[in-house]
Amino acid sequence: MIIAIDGVSGAGKSTMSNQLAKTLGFQFVSTGMFYRAISLNAIELGISPTEEDRVSDMLQNISVRIGKNYDGSNICFVNGYDVTSQLIDPQVNFHVSEYAQLPKVRKFVRNLQHTQSTLAPNSIFEGRDIGSVVFPDADLKIYLTCALEVRAQRRTEQLKEKGKQPVYKDVLQNLTKRDFEDRHRKLSPLVVCEDAIVVDTTNLTQDETLQKLCQIVEAKQTYEKICSRQLCLAKNSELKIETKKFQEKPMCKCTKVYTAKDFGL
Ligand code: DC
């Protein structure tokens, strides 16, 4: 089963997806990490997002891998080095959406995501275009949203907890810029898929959000069970008809007369 969780920056996608994955025992992939890792590498090499050819050359020589930390969160390796703590550097925060707009970067990351999905039977992918582009056939699509000011406040607290010294106004400005870029880029803009369930976390605590997400997954799984049961019942009734036909007109092959029983029907 693949669950796609998309939404605006700072709506709690990463935290909530991670907790949901832990609760369900699913693989969790925070796909923004791929874009951040590529941006970090480009910044370190002095390649600007406007130099598309140089970014493209860089992608030929980079290996990006996402693994699982002891607490279930993601760790990211670039060319074998753990770069996780650098992925939230202000420079990366500021420029990541510019690198993420480049078609070659998006294609590169899409392939990485498809490969990652083969590593576990059940996964939660969290990002911006997971339901719309990367896994349009995802079993469940959730769109997380939240008021801008609340997101800025939460992100400021998060950065403080990580030992950074953020200024609320800068965080708010950065989120505004990223919202605009994510929604207005030509390729894979952030959209609410028609078949996505929208969850607004503005007035929800983490526990309440997790509870809501679990309820949605449970409802979906129950729905799937009912559907597959109905399908099974429908198939069984078809089989019964087929079986009846078989029994009425047994197939003759050489000396043996085949009946439905020979086919386990
Ligand atoms: O979720 P995040 O803040 O770590 O994402 C970092 C950036 O990566 C964000 O500005 C948009 C981009 N991104 C994207 O374009 N598509 C995704 N599936 C995930 C992230």
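Each ligand, and each atom within it, is numbered from 1 in the order the structure gives.
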Check your understanding: Under 3.5 Å, is there a donor-acceptor pair linking the side chains of Q158 and R155?
Key -> yes
Practice item. State if R185 counts as touching ligand 1 under the rule of any non-hydrogen atom under 4.0 Å. Key: yes
**Study point:** Side-chain heavy atoms of I3 within contact of D139, under 4.5 Å
**Key:** no
Review point. What protein heavy atom sits nearest atom 18 (N) of ligand 1, and how far off is it?
Key: D129 OD1, 2.9 Å
Review point. Just how far is it from atom CD1 of I142 to atom CE of M16, taken to the nearest 0.5 Å?
Key: 10.5 Å
Check your understanding: Do K177 and F94 meet the cation-pi criteria used here (NZ or CZ under 6.0 Å from the six-membered ring centre, within 45° of the axis)?
Key -> yes
**Study point:** Which residue and heavy atom of the protein sit nearest atom 8 (O) of ligand 1, plus the separation
**Key:** Y35 CB, 3.6 Å
Review point. Mind checking whether R128 and R185 have side chains closer than 4.5 Å, heavy atoms only?
Key: yes
Check your understanding: Are a donor atom and an acceptor atom from the side chains of Y99 and R36 found within less than 3.5 Å of each other?
Key -> no
Check your understanding: Hey, does Q113 come in under 3.5 Å of ligand 1, counting only N/O atoms on both sides?
Key -> no
Exercise for review: Any atoms of ligand 1 less than 4.0 Å from a non-hydrogen atom of T31? List them with their elements.
Suggested key: 17 (C), 18 (N), 19 (C)
Exercise for review: Could you tell me the residue and atom name of the protein heavy atom closest to atom 1 (O) of ligand 1, and the distance to it rounded to 0.1 Å?
Suggested key: R128 NH1, 3.0 Å
**Study point:** Residue part near ligand 1, for D182, under 4.0 Å between non-hydrogen atoms
**Key:** side chain
Study note, to complete from the structure: In terms of its nearest heavy atom to atom 20 (C) of ligand 1, the top option of G32, G7, S132 is G32
Revision key, fill the gap. Nearest non-hydrogen protein atom to atom 3 (O) of ligand 1, with distance, is R178 NH2, 2.4 Å
Point to revise | atom 4 (O) of ligand 1: the protein heavy-atom neighbour that sits closest, reported with distance to 0.1 Å | key: R36 NE, 2.7 Å
Review point. Of all the non-hydrogen atoms in the protein, which one sits nearest to atom 12 (C) of ligand 1, and at what distance?
Key: A100 CB, 3.9 Å
Review point. Under a 4.5 Å cut-off applied to non-hydrogen side-chain atoms, are V83 and F77 in contact?
Key: no
Point to revise | Candidate pair F125 and F135, rule ring-ring contact (aromatic ring centres under 6.0 Å, His included), full reasoning | key: CA-CA 9 Å; F125 281 79; F135 296 110; 4.8 Å; yes
Practice item. Under 4.0 Å, heavy atoms only, figure out whether ligand 1 is touched by the backbone of E98, its side chain, both or neither. Key: neither
Revision key, fill the gap. for atom 7 (C) of ligand 1, nearest protein heavy atom and its distance come out as V96 CG2, 3.6 Å
Check your understanding: When you look for heavy atoms under 4.0 Å from ligand 1, do you find them on the side chain of R106, its backbone, both, or neither?
Key -> side chain
Point to revise | S17 and E126: side chain donor to acceptor below 3.5 Å | key: no
